[in-house]
Amino acid sequence: MLTLDFHPTGRHFLQIPGPSPVPDRILRAMSLPTIDHRGPEFALLGKRVLSGMQKIFQTKHPVVIYPASGTGAWEAALANTLSPGDPVLMYETGHFASLWNNMATRLGLKTEFLGLPGAEGWRRGVQADMVEKRLRADTQHQIKAVCVVHNETSTGVTSDIRAVRKAIDAAKHPALLMVDSISGLASAEYRHDDWGVDVCVSGSQKGLMLPPGISFNALSPKALEASKTSKLPKSFWAWDEMVDMNKTGYFPYTPNTNLLYGLAEACDMLLDPQQGGLEAVFARHRRWGEGVRAAVKAWSLEIQCVDPAVYSPVLTGVMTPEGIDADAVRKTIYERFDLSLGTGLGKVKGRMFRIGHLGDCNDLTLMAALSGCEMGLKLSGVKLAGSGVQAAMDYFAGHPAPQLLQKAA
Ligand SMILES: *Cc1c(COP(=O)(O)O)cnc(C)c1O
């Protein structure tokens with residue numbers, strides 16, 4: 001029977017691409033007593049997380065922290081920079097791009113949803129040349145923003161944000177570049193200032209290893225400038241009071257104090273120079289992605305992403321053979337092995353499942369997840385060409401993790 005106090009022995013394997021498992025270090029940090037958010041110590045915490053998040057986004061410009069899920073920060077990005085009826089160019093990479101597009105429509109923006117025809121668009125990243133072509137055709141510069149998803153969590157496909165920036169510049173178009181890196185940040189390489197992004201949206205429960213509940217906007221001077229004339233209604237989401245008060249380490253309304261303790265700890269973990277800092281974080285997730293894909297290839301199952309240049313280091317989308325319901329496979333794996341995998345969303349419902357390799361992982365947690373997948377696939381009657389578990393073991397054993405070698409030295 002399903003009850004909330006059902007606790008099988010050992011630990012649950014939460015291998016969905018967000019929320020990701022929360023490390024003990026972060027859980028302990030969050031267990032401190034809640035302090036006065038107007039008191040003197042709070043300013044220290046506020047300043048610490050704000051500057052930590054600037055380092056994670058790789059920006060010198062303001063980062064805004066909201067007590068909301070990622071969806072709230074999506075709305076904030078649009079509401080702070082745009083006006084009713086503004087044309088915006090959004091690019092369809094998958095389910096999350098579609099949801100952001102729906103939101104923009106609901107907010108009264110005139111969206112154009114660009115993408116490759118048919119199923120192709122959900123298997124590849126943003127085609128920067130299509131963006132450039134569309135912007136060149138907009139000689140009157142009516143399009144006010146280009147919105148793209150950095151890591152499409154529904155498919156396991158990333159997009160080349162630098163190429164989108166170049167496309168906008170090549171077209172000499174003034175549109176803002178807005179990026180959803182809700183699941184990319186802190187697992188996949190992201191460089192806010194260097195890539196020339198105007199607004200980046202992110203959330204706590206993916207690469208940052210926190211529970212759900214806080215989300216972010218990273219800004220650019222151009223985005224701040226646009227916010228001065230933008231006319232979409234906003235109050236809770238408004239950047240002006242937030243950025244102003246944040247200078248002193250405080251917030252205009254009650255922030256999620258305990259989640260911020262966790263965030264401070266997450267920043268320390270991710271930026272730790274002993275562990276190699278952010279570059280090492282990106283390398284770790286690239287390597288885990290390789291190992292997981294080695295398993296999928298050995299099974300001879302199809303990976304949802306068909307362009308190896310944009311394979312996601314955050315998750316892998318695995319397609320099940322024709323006639324096999326991916327959700328039935330997931331159900332078997334959950335019930336038999338206490339392992340949660342991501343469901344197929346939107347257009348790919350029932351056709352694929354997703355293995356998360358974001359946030360707090362190591363080789364052995366991924367080996368456990370792959371074992372669960374392999375057993376569950378076999379139990380579901382899927383004919384596998386070979387052992388993915390063996391292939392992943394060979395990959396991990398043959399490609400040692402650099403930071404563990406350092407520890408041994
Ligand atoms: C998780 C996610 C969202 C939605 O965030 P919520 O925290 O569920 O509101 C949006 N975009 C992407 C790419 C995501 O991975």
Side-chain angles (χ1 to χ4, degrees), residues 14-22 53 57 64-79 90-107 111 113 115 121-122 124-126 147-161 164 177-190 197 199-218 236-237 256 259 262-263 266 285 289 304-305 310-317 340-348 352-359:
L14 185 65
Q15 293 296 149
I16 58 176
S20 65
V22 182
M53 285 312 292
F57 278 106
V64 173
I65 306 177
Y66 294 108
S69 88
T71 303
W74 259 352
E75 180 160 342
L78 301 172
M90 311 201 73
Y91 192 99
E92 181 177 358
T93 43
H95 188 66
F96 287 102
S98 307
L99 291 178
W100 201 12
N101 180 60
N102 292 348
M103 169 188 272
T105 308
R106 290 176 74 127
L107 289 175
T111 76
F113 208 24
W122 283 43
R124 294 175 188 275
V126 174
C147 301
V148 296
V149 175
H150 174 218
N151 182 75
E152 182 46 84
T153 324
S154 62
T155 59
V157 180
T158 59
S159 281
D160 184 347
I161 302 303
V164 178
L177 172 57
M178 304 213 205
V179 174
D180 167 347
S181 193
I182 294 184
S183 63
L185 193 75
S187 289
E189 181 181 359
Y190 181 80
V197 177
V199 187
C200 180
V201 180
S202 197
S204 56
Q205 76 274 28
K206 315 252 167 116
L208 289 168
M209 309 175 284
L210 298 176
I214 44 178
S215 54
F216 310 89
N217 277 175
F236 180 82
W237 305 118
N256 278 340
L259 279 169
L263 181 60
H285 291 280
Q304 174 70 21
C305 178
V310 291
Y311 277 146
S312 171
V314 170
L315 74 140
T316 299
S340 287
L341 297 166
T343 183
L345 293 166
K347 284 184 191 172
V348 289
M352 59 140 14
F353 62 86
R354 298 170 296 145
I355 306 172
H357 31 88
L358 68 171

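Read the numbers this way: they start at 1 and go in the same order the structure lists the ligands and their atoms. Quick note: numbers below take in every heavy atom, side chains included, and nothing from hydrogens, waters or symmetry partners. Throughout, numbering of the chain's residues begins at 1 and tracks the sequence. Just so it is clear, the structure is predicted and the values come from calculations on it, not from any experiment.
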Is there a donor-acceptor pair under 3.5 Å between the side chain of Q15 and the backbone N or O of G356?
yes
Any heavy atom of I182 under 4.0 Å from ligand 1? The part involved is side chain
message: Measuring only between side-chain heavy atoms, which start at C-beta, is I65 closer than 4.5 Å to L263?
response: yes
closest protein heavy atom to atom 5 (O) of ligand 1 is G70 CA, 3.7 Å
Under the 3.5 angstrom rule, does the side chain of T158 hit a backbone N or O of S312 as a donor-acceptor pair? no
Q.
Closer than 3.5 angstrom, by distance alone: can the side chain of E92 be matched with the main-chain N or O of A97 as a donor-acceptor pair?
A. no
- Message: Contact between V149 and I182 at the side-chain level, heavy atoms closer than 4.5 Å - yes or no?
- Response: no
Here the atoms of ligand 1 under 4.0 Å from any heavy atom belonging to W74 are 10 (C), 11 (N)
Quick look: K206 vs ligand 1, heavy-atom contacts under 4.0 Å, and the answer is side chain
Test side-chain hydrogen bond (donor to acceptor under 3.5 Å, both in side chains), reference H150, set S181, S202, S183, output is S181
Per-atom filter on ligand 1: closer than 4.0 angstrom to a heavy atom of N151 are 13 (C)
Worksheet entry | Any donor-acceptor pair under 3.5 Å from T93 side chain to V126 backbone | no
- Message: Parallel, tilted or perpendicular, judged at 30° and 60°: which one describes the rings of W100 and W74?
- Response: parallel
Any heavy atom of W100 under 4.0 Å from ligand 1? The part involved is neither
Note: L99, heavy atoms under 4.0 Å from ligand 1, region reported as neither
Near S69 (heavy-atom distance under 4.0 Å), the atoms of ligand 1 are 6 (P), 7 (O), 9 (O)
Closest heavy-atom approach to atom 12 (C) of ligand 1 among L315, D180, I214 is made by D180
Checklist entry - Do K206's NZ or CZ and the ring of F96 fall within the cation-pi criteria of under 6.0 Å and 45°? => result yes
Within less than 4.0 angstrom of ligand 1, does Q205 place any heavy atom? yes
If we number the atoms of ligand 1 from 1 as shown, the ones under 4.0 Å from a heavy atom of S183 are 15 (O)
For T153, the ligand 1 atoms with a heavy-atom partner under 4.0 Å come out as 12 (C), 13 (C), 14 (C), 15 (O)
- prompt: Any heavy atom of V201 sitting closer than 4.0 Å to ligand 1?
  reply: no
